[in-house]
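First up is the structure itself, then whatever we jot down about it.
Throughout, protein chains are lettered first and strands after them, A, B, ... in sequence-line order, and every chain is numbered starting at 1.
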Amino acid sequence: MELRKFRQRGPFEWEMPSTGRMRVPGVIFASRELMEAMDEKVAEQVANVASLPGIVTASYAMPDAHWGYGFPIGGVAAFDADEGGVVSAGGVGFDISCGVRTLHTGLKQADIEAHKKRLADVLYARIPAGVGSTGALRLSGPETDAMLKGGARWAVKEGYGSEADLAHIEESGCVAGADPRAVSDMAKKRQRDEMGTLGSGNHYLEVQLVDEVFDAAAAQAYGLAKGDVVVSIHCGSRGLGHQIGTDYLREMVIAAPAAGIALPDRELACAPLKSALGQRYLGAMRAGINCALANRQILTQLAREAFAEVFPHVRLPLLYDVSHNTCKEETHRVGDERRRLFVHRKGATRAFGPGHAELPREYREAGQPVLIGGSMGTASWILAGAAGTEERAFGSACHGAGRAMSRNEALRRWHGRNVVDELAARGILIRSPSFRGVAEEAPLAYKDVGAVVDAAHRAGLAVKVARLLPLVCIKG
DNA sequence: ATGTGC
């Protein structure tokens with residue numbers, strides 16, 4: 001993109017001064033190279049978000065930002081309800097609470113090498129993956145409502161995983177204020193048989209190797225060492241979250257004019273936090289968060305059962321679970337005061353720094369684990385929320401690599417079967433129901449996740465802790 | 001992301 005409209009605050013921080021309808025400045029965290037490669041539309045979308053009522057401090061974009069629906073993916077924006085602030089369905093995204101969790105296995109690379117192929121096959125047999133995939137569960141109406149209110153806590157109660165898992169999930173696995181009545185029957189119906197499924201697109205379950213450690217103290221706090229094998233799960237709220245997004249986007253577009261909100265882009269549809277519609281969306285969106293947390297919890301149990309088949313004595317304790325499509329009510333310092341704000345993170349991860357009261361005690365000194373999913377066949381990263389990140393972007397960091405080319409262009413360029421073969425030759429086993437999906441997700445269709453993580457580190461958003469390389473990938 | 005597309 002054109003860099004002339006930015007004022008550089010530092011080598012990794014670019015300010016777009018407030019002009020026209022913008023109420024606050026825009027700020028993008030990135031290296032010069034990432035800025036130059038970034039789509040012009042990101043700046044446009046950051047500026048559009050800056051024009052929304054009640055926005056506080058600035059409209060932010062992370063180093064992996066790219067063009068999204070209304071808000072950029074990689075966008076962070078906080079709103080104050082007392083100043084006419086809004087909540088936006090497009091500011092959360094369609095896959096509500098899509099996120100990543102990472103599990104320890106206690107295994108080393110040498111333990112796994114001879115069993116890798118069998119492990120891949122067993123995982124693929126047990127983890128439902130792909131468009132429209134269904135799970136073993138069939139939820140009744142009352143069970144659906146209990147799941148939407150209870151999140152991962154509900155899943156544990158149903159026998160998926162243990163109480164110990166909950167302490168290593170944001171909000172202890174269950175976000176308050178979920179309102180199942182605000183979720184349409186259609187959304188619930190779509191989710192009836194999709195609990196414990198991976199879905200499609202960039203979602204996956206991956207067995208990974210800790211290939212390098214960058215921060216010894218944080219790695220120790222997280223229980224990570226070079227040569228460890230871990231499992232990461234990337235997925236969200238499936239059909240339910242998508243339907244909530246669709247339902248409320250439509251309502252917000254219709255209601256905006258009466259609420260006195262002039263939208264620079266229809267896709268930015270939003271509702272005042274203090275309106276009935278805004279409150280209903282918050283209730284539904286929180287139910288969507290709980291659905292995603294329950295989904296990842298069930299998948300965790302399926303992964304544990306698969307591992308037990310190959311390695312009978314292995315346990316898979318949860319390192320941490322982060323969501324990267326949310327709007328959360330949080331307390332942040334703005335100037336000299338502490339204020340309750342509604343922080344939208346769309347394709348951005350919460351990244352609370354050291355000492356934050358909401359972190360589990362064992363991670364409090366190191367900062368929040370920030371789990372960055374790589375693209376298929378490339379590295380993933382574990383970072384730690386940095387000191388001072390709450391002053392910079394309301395305690396947020398990047399979430400992944402970000403696409404470098406469209407799905408269509410990737411389909412023209414690669415064949416799924418060849419991608420699988422090439423990765424297998426490098427020792428990375430892919431199992432997927434869709435060769436088309438594999439081609440769309442080819443490693444080179446994404447930006448270099450290393451450059452993104454480096455920019456986040458050097459911008460002071462999060463600290464590099466460990467790099468993970470893929471061994472086995474169950475791809476949706 | 002998505003019972004993949006107004």
Side-chain angles (χ1 to χ4, degrees), chain A residues 45 64-75 88-100 128-135 137-139 144 183-205 233-250 253-254 266-267 269 284-285 287-289 291-293 295-296 299 322-327 344-349 373-376 399-403 405-412 416 432-441 445-446 474-476:
Chain A
Q45 293 191 318
D64 52 340
H66 54 287
W67 183 26
Y69 189 93
F71 283 49
I73 295 161
S88 166
V92 171
F94 281 81
D95 191 2
I96 295 168
S97 198
C98 181
V100 182
V131 180
S133 50
T134 55
L137 267 159
R138 295 289 174 275
L139 295 187
T144 301
V183 178
S184 67
D185 289 340
M186 175 65 87
K188 291 174 184 172
K189 186 175 151 214
R190 283 180 66 173
Q191 198 59 26
R192 270 187 73 90
D193 51 8
E194 287 192 348
M195 293 309 293
T197 66
L198 214 42
S200 65
N202 63 4
H203 291 166
Y204 58 77
L205 180 148
I233 299 171
H234 177 206
C235 67
S237 51
R238 306 286 284 107
L240 181 124
H242 189 267
Q243 191 63 44
I244 291 171
T246 305
D247 292 341
Y248 278 92
L249 195 91
R250 188 185 301 129
V253 169
I254 295 167
R266 179 185 178 280
E267 295 184 354
M285 188 265 313
I289 292 179
C291 174
L293 296 178
N295 192 29
R296 290 199 285 275
L299 284 163
V322 295
S323 297
H324 49 230
N325 281 352
T326 57
C327 175
H344 293 65
R345 296 188 184 89
K346 179 186 185 181
T349 302
S375 48
M376 190 182 58
H399 85 306
R403 288 199 80 88
M405 72 177 67
S406 71
R407 293 186 176 276
N408 275 328
E409 193 179 344
L411 284 176
R412 280 197 294 275
S432 173
S434 165
F435 278 123
R436 179 197 168 106
V438 168
E440 289 179 357
E441 296 290 320
Y446 280 81
I474 310 304
K475 189 78 190 159

(message) Just N and O in the side chain of A:Arg238: are any of them under 4.0 Å from OP1 or OP2 of B:dT2?
(response) yes
(message) Hydrogens and angles aside, do A:Glu441 and A:Tyr446 bring a side-chain donor and acceptor to less than 3.5 Å of each other?
(response) yes
(message) Once you apply a heavy-atom cut-off of 4.0 Å, does A:Glu194 come out as touching a base, just sugar-phosphate, or nothing?
(response) sugar-phosphate
(request) Answer yes or no: does a side-chain N or O of A:Thr246 lie under 4.0 Å from OP1 or OP2 of B:dT2? (result) no
(request) For the pair A:Leu139 and A:Met195, evaluate side chain to side chain contact (heavy atoms under 4.5 Å, CB included) and give the outcome as yes or no after the intermediate values. (result) CA-CA 8 Å; A:Leu139 295 187; A:Met195 293 309 293; 3.7 Å; yes
(message) Checking ring-ring contact (aromatic ring centres under 6.0 Å, His included) between A:His242 and each of A:Phe94, A:Tyr248, A:Tyr69, which is the one that passes?
(response) A:Phe94
(message) Regarding A:Gly239, tell me which of base, sugar-phosphate or nothing describes its non-hydrogen contacts under 4.0 Å with the strands shown.
(response) sugar-phosphate
(message) Rounding to an integer number of Å, can you tell me how far A:Phe435 CZ sits from B:dT4 P?
(response) 21 Å
(message) Expressed as a whole number of angstroms, how long is the span from A:Arg403:CZ to B:dT4:P?
(response) 18 Å
(message) Nearest whole Å is fine: how far is B:dT2 P from A:Ile96 CD1?
(response) 12 Å
(request) Would you tell me whether A:Ser323 and A:Arg296 have side-chain atoms, one donor and one acceptor, within less than 3.5 Å of each other? (result) yes
(request) Starting from P on B:dT2, measure out to CG on A:Asn325 and report it in whole angstrom. (result) 11 Å
